[in-house]
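Chain naming here is simple, since letters A, B, ... match the order of the sequence lines and numbering starts at 1 in each.
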Amino acid sequence: MDFSDSSEIAEFRSGLRTWLVDHTITPEAEESEAMFLKRWHQVLFRGGWVGLSWPTEYGGKGLSNAYDVVLNEEIGASGAPDAPRIGYMGRAFLQWGTEEQRERFLPGLLSGDDYWCQGFSEPNAGSDLANLSTRAVKDGDRYRITGQKVWTSYAEYADYCILLARTGEPGGRHKGVSAFVVPMKSAGIDVRPIVAATGESEFCEMFFEDVEVAEENRIGAEGDGWAIAMMTVAYERGAADVGYLSKFGAALGELRTLVSSDGHVPPLARQRLGELEVRFRVLTEHVRRRLTEREQNDSLPGPEMSVDKILMTDVDQTLHRAALELLGPSVLTTGPGSRWLEKYIYSRAASIYGGSEQVQLNIIAQRLLGMPR
Amino acid sequence: MDFSDSSEIAEFRSGLRTWLVDHTITPEAEESEAMFLKRWHQVLFRGGWVGLSWPTEYGGKGLSNAYDVVLNEEIGASGAPDAPRIGYMGRAFLQWGTEEQRERFLPGLLSGDDYWCQGFSEPNAGSDLANLSTRAVKDGDRYRITGQKVWTSYAEYADYCILLARTGEPGGRHKGVSAFVVPMKSAGIDVRPIVAATGESEFCEMFFEDVEVAEENRIGAEGDGWAIAMMTVAYERGAADVGYLSKFGAALGELRTLVSSDGHVPPLARQRLGELEVRFRVLTEHVRRRLTEREQNDSLPGPEMSVDKILMTDVDQTLHRAALELLGPSVLTTGPGSRWLEKYIYSRAASIYGGSEQVQLNIIAQRLLGMPR
Amino acid sequence: MTATLHESEEDVALRRTVADIAERCRSTRAAEVDDHTSCWGALVRSGLTELRGADDDGAPLATVGQVVIVVEEMARAVCGAPLVGTLLATELQRLADVDHVVPDEALTVLLDQELRGLAADDALAWDAGVPVTHAVGLDGENLVVRALEGATGSQDLSRPVAVPAGDAELVGGTLDADARTAFEAFAHVVLAADLLGASGAVLESAIEYAGQRVQFGQPIGTFQAVQHLCARAHVQVEAQRSAVLFAAWSLDSGQGDVVPAIVAKAYGASAAVEVVEKAVQVFGGVAITWEFPAHRHLRRVLLDAEVLGNGSALSGHLFDVVEGRSDGLQ
Amino acid sequence: MTATLHESEEDVALRRTVADIAERCRSTRAAEVDDHTSCWGALVRSGLTELRGADDDGAPLATVGQVVIVVEEMARAVCGAPLVGTLLATELQRLADVDHVVPDEALTVLLDQELRGLAADDALAWDAGVPVTHAVGLDGENLVVRALEGATGSQDLSRPVAVPAGDAELVGGTLDADARTAFEAFAHVVLAADLLGASGAVLESAIEYAGQRVQFGQPIGTFQAVQHLCARAHVQVEAQRSAVLFAAWSLDSGQGDVVPAIVAKAYGASAAVEVVEKAVQVFGGVAITWEFPAHRHLRRVLLDAEVLGNGSALSGHLFDVVEGRSDGLQ
């Protein structure tokens with residue numbers, strides 16, 4: 001069994017590591033998190049590090065998935081901002097989109113010039129996504145979309161939204177759901193940022209009132225929306241696919257540095273950090289295995305990604321809870337804006353978004369283990 | 001709020017502590033665990049330490065429940081064998097029995113001269129006790145009992161069995177269940193010890209084939225069996241009621257001694273032992289609160305005892321797992337009969353017997369928290 | 001949810017009084033504004049800020065058991081009136097046998113930067129919300145008071161910290177080792193009550209929410225996974241309650257055993273955080289919004305857990321006490 | 001359940017061969033008798049005990065990846081044939097560049113009393129079931145062999161330990177620090193594969209049991225609590241598998257990075273025990289009987305976890321390696 005071609009990977013890794021030393025950026029004054037990440041995406045793109053595993057015909061490098069893991073690992077180790085998480089959107093177009101859609105949308109997605117958001121969840125369709133009620137009504141060569149979306153990250157900065165709406169009968173559950181590309185400047189869209197428990201406003205509510213969308217903006221056929229959504233959420237459950245390997249690696253490295261800054265690491269901290277290192281590395285190795293499998297089988301991610309999501313959430317929550325305990329009260333007695341507390345709070349959301357932990361465990365039990373319903 | 005009368009309790013405690021120094025016994029060669037515990041029960045009884053909270057008219061001391069906790073605590077601290085666990089059987093007679101039954105059975109139960117076992121579980125009625133199928137058919141002034149029981153502790157040594165059997169319709173669930181006192185020397189009873197995973201044979205299967213039991217051996221009316229069973233299992237979920245406070249206290253004390261025997265306690269062991277101490281003391285304090293409540297309200301234990309069972313199981317499993325790690329491989333590389341491994345394995349059963357952990361959590365959610373079914 | 005142990009009529013009335021004040025705090029507080037001056041006023045009018053003042057014999061006016069009732073009920077609303085700081089500062093003065101160093105005002109305590117114990121220099125004042133202007137600390141065995149700069153906020157949104165401004169002034173009282181142990185025991189119980197109130201209340205509202213929120217065509221509270229999550233959290237709340245009640249009784253009964261206080265704080269420090277985390281899981285997405293109060297409970301218990309030693313530190317400390325290697329002082 | 005990564009045709013055949021031997025072990029073994037001589041014979045006949053023997057260039061006859069397949073499959077049956085001991089002893093001789101010290105016989109390794117590492121004096125031989133008669137150990141850098149007294153049993157019922165009887169004899173080979181690190185890395189991966197097999201198999205049978213055992217009128221596998229218990233355990237098995245596969249690949253690809261081996265053993269040591277504990281919970285009462293195999297899996301993983309450092313010790317060690325404070329040697 002081979003996880004990768006080690007010599008080529010090693011060369012890639014060392015090239016990337018060198019590049020990162022000179023190119024890592026820091027936020028500018030007043031720059032929002034979203035705009036900072038967008039700028040970093042563009043810097044990475046110009047360096048040639050985005051779309052490693054995308055087909056060359058759409059601007060990618062056509063490399064194996066293993067390179068995405070290395071990108072994640074090296075970005076994490078360098079302490080640079082998270083790797084961009086665009087793989088799953090691209091995959092939706094490659095799998096279901098028309099040639100025209102690919103040519104129209106993929107370049108901007110890849111370069112980071114267009115910022116995309118995702119209109120899936122609704123107030124009454126959270127973990128139970130099939131309960132969504134936003135309607136898309138056909139009207140000649142266009143659709144008229146009306147409904148409410150929630151938990152959309154950075155919608156206020158987005159150029160496009162991948163939106164799920166019901167083209168079939170109300171209450172049809174998984175049937176009659178379609179996916180659309182909606183330009184965010186369309187008339188009838190109202191975006192309201194939600195202040196998160198961290199104090200940041202990453203999430204938004206989106207209200208659609210009779211928003212006109214051209215028929216050619218539908219991805220796939222009517223009713224393909226559910227399959228597109230399932231593929232998308234499966235990607236979102238993978239730690240490399242969403243760039244979280246880099247996020248965790250950077251956090252762990254920073255934590256190790258902070259705790260050992262005076263050269264002495266107390267036994268309990270050494271033990272705790274060692275255990276975190278074990279969990280993080282197991283996650284990394286698991287991700288490499290998954291991507292290798294995906295490549296060997298030339299398959300899209302499926303229910304097995306719920307295993308990855310549980311492992312990823314476990315690292316996220318264990319790491320950030322331990323950080324609060326290891327760093328002590330100083331991260332709590334500061335005024336507004338404690339980065340470690342924000343990361344901790346956000347880690348609590350990790351078992352909620354993208355399908356709650358309970359939903360992931362249902363999927364594992366019923367779809368992977370075949371346990372009876 | 002008062003947990004106890006401190007000066008009288010203190011006097012009792014110091015008297016008991018002194019007594020224990022002179023009277024603790026050790027197993028004799030070839031003595032079975034059951035017979036050893038029976039002998040210890042009799043020694044305690046002669047010392048005046050059994051039936052502390054029983055009514056004086058039936059040979060008890062009429063003291064508050066707090067004394068039972070002190071008994072548990074001191075036995076545990078002294079390293080003596082477990083305190084006898086007869087409270088719940090006595091309570092069944094006090095609550096449902098006839099005067100004649102009390103006079104007939106309570107003295108031997110109290111003194112330890114009679115050894116009692118419990119015939120509740122069946123192969124298809126474990127956590128789902130209401131599924132029991134052992135039948136008791138009325139035949140004049142007696143019943144004929146046929147069926148199979150399992151997981152009965154020390155049935156081979158028992159003089160009497162409290163047996164649940166169905167007097168009502170088959171499949172009647174909670175209805176039509178009655179409780180009987182069955183002398184174990186009755187014709188038609190076949191007892192087969194089950195060798196447990198520990199290597200010991202504490203448990204037995206019991207086969208009842210047309211066993212005759214006199215009507216006056218029925219406890220309560222026909223159909224009262226379910227209430228008697230529920231009261232009994234509620235008692236069994238309390239750490240003082242089953243004598244486990246003493247067991248855990250002794251184990252923790254011994255573990256502390258073993259780990260610190262060379263005068264040096266490594267930081268990780270100190271931390272781990274401190275955490276075990278916290279959990280054990282919280283359990284003890286919780287038990288004292290429960291017994292105080294039970295006394296204040298003059299009530300029988302109910303669904304709230306599932307909280308106690310979860311806490312007790314948590315201490316049991318955490319303590320004995322930690323013991324294996326703290327004591328290292330020497331307790332695993334010995335030949336047959338590793339006491340700490342046996343305790344560990346038995347702790348795994350703690351979340352199974354007396355209603356599995358899943359059943360306890362259902363009871364807490366639905367009956368205590370009122371969550372919807 | 002009140003304790004299931006019988007409370008005296010007096011205690012029941014006390015709990016009701018405090019619950020009313022807490023309820024007003026809860027219902028009138030806007031998400032953006034953390035102004036608890038009216039809560040503070042109500043507490044002062046009811047005499048609840050003076051519970052640990054000394055009577056003519058130097059004994060406290062109220063028992064630790066009563067203090068626990070008051071602190072738990074106010075913590076249920078995550079109220080920011082500087083009640084706990086004032087109770088601790090008052091207890092400190094009573095134990096040092098000095099009169100109120102700053103009469104008729106809210107007070108709090110000066111702790112070292114790691115919040116591990118009382119301090120005088122390089123210190124910060126915790127629970128320093130309006131109208132706190134001074135804090136009491138310890139310089140060796142000597143009680144000192146220092147004026148504070150304006151509060152600088154903290155991640156416990158309703159309990160800002162403040163930096164001392166003026167020099168430390170001796171106030172004439174001293175605290176020997178025994179008195180310091182007594183203070184720490186009292187503080188541990190008060191903090192454990194705060195952890196109990198903040199975690200217990202958010203769990204109750206999560207259970208209520210689970211009965212209403214529908215997903216997959218039924219209330220999420222019907223799912224066994226959600227039921228078991230709540231059931232486990234309930235066990236942790238009940239165990240916290242038992243430990244707090246027992247520790248309070250131990251101190252009130254005057255046996256001088258500090259172990260139950262350490263146990264209550266050590267257990268509460270980890271259990272309360274886990275309870276709130278479970279409640280957040282039940283609430284789902286709404287709990288991750290600023291508007292919804294769950295994160296206030298989370299922030300409260302996270303910071304409480306660190307004050308005067310977190311669960312990990314106190315567990316190790318308890319081992320030393322039990323092994324006889326320490327006299328109970330940290 | 002086999003790895004979902006593609007295996008070569010050769011590997012698939014290898015796995016099938018071993019699975020047949022393991023299946024015979026499982027189906028013919030009486031509860032009271034732990035005689036694995038026929039399993040040993042089958043392994044010898046298939047050449048599987050020689051996998052880490054040296055070819056003419058000193059390279060091993062089989063890859064670590066193939067060893068992992070063999071060890072995992074045999075561990076699924078908790079077989080007591082001294083395969084792991086023999087593989088470790090053979091690897092040790094290969095690394096020390098010596099010929100078979102005891103030709104054509106089962107062998108095992110000498111470890112210190114705490115099982116933390118190779119030893120010569122005050123040592124015991126682990127995995128010393130029939131027909132093991134000798135064990136290889138390390139005295140400083142020197143490889144030694146000692147004859148063994150009869151095995152004395154252990155709590156891993158199918159893997160007795162034995163005490164050395166004869167004196168330690170030098171066999172002419174030495175192990176420098178690098179070779180010792182290489183040996184430990186190999187041993188960690190083998191133990192991690194043993195943990196994976198023993199825990200993965202018992203979970204699969206628990207899941208099957210849950211589909212059949214009826215309580216409350218339905219298979220217990222329909223209850224969400226049981227499903228989630230199994231699902232969490234499955235995640236831990238899959239993570240173990242990923243770590244083992246990656247560590248084996250790392251060693252085989254010759255990059256000499258020992259970290260993945262330490263990670264696989266450290267993770268497996270705690271995860272496997274938790275997996276078996278969960279399986280026991282699903283089985284309920286039957287798992288607490290001697291007759292039922294669950295406790296054999298439990299005993300196996302408990303002892304495996306301690307060999308050459310438990311999860312706790314290895315995690316601390318990993319921190320030192322990552323911080324550059326250690327060269328990978330324990």
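- If you measure heavy-atom distances from A:Tyr344 to chain C, the contacts under 4.5 Å come from the side chain alone.
- Both the backbone and the side chain of A:Glu357 come within less than 4.5 Å of a heavy atom of chain C.
- Heavy-atom distances place the backbone of A:Val331, and not its side chain, under 4.5 Å from chain C.
- Aromatic ring centres of A:Phe280 and A:Phe248 lie farther apart than the 6.0 Å criterion allows.
- Screening residues 106-115 of chain C for side chain to side chain donor-acceptor pair (under 3.5 Å), with sequence neighbours left out, gives C:Gln113-C:Asp122.
- For the pair C:Arg76 and C:Gly200, the tightest heavy-atom approach, listed with the atom from each and the gap, is NH1-C, 4.2 Å.
- Of the two parts of A:Tyr353, neither the backbone nor the side chain holds a non-hydrogen atom closer than 4.5 Å to a non-hydrogen atom of chain C.
- Contact of A:Ser201 with chain C is not made at all, since no heavy-atom distance falls under 4.5 Å.
- When heavy atoms are compared at a cutoff of 4.5 Å, C:Arg159 does not approach chain A at all.
- Looking at C:Gln281 and C:Glu277, their side chains never bring a donor and an acceptor atom within 3.5 Å of each other.
- Each of A:Asn362, A:Ile194, A:Leu341, A:Leu268 has some count of heavy-atom pairs under 4.5 Å with chain C, and the biggest count is that of A:Leu341.
- Ion pairing between C:Asp156 and C:Arg300 holds under the 4.0 Å rule for side-chain N and carboxylate O.
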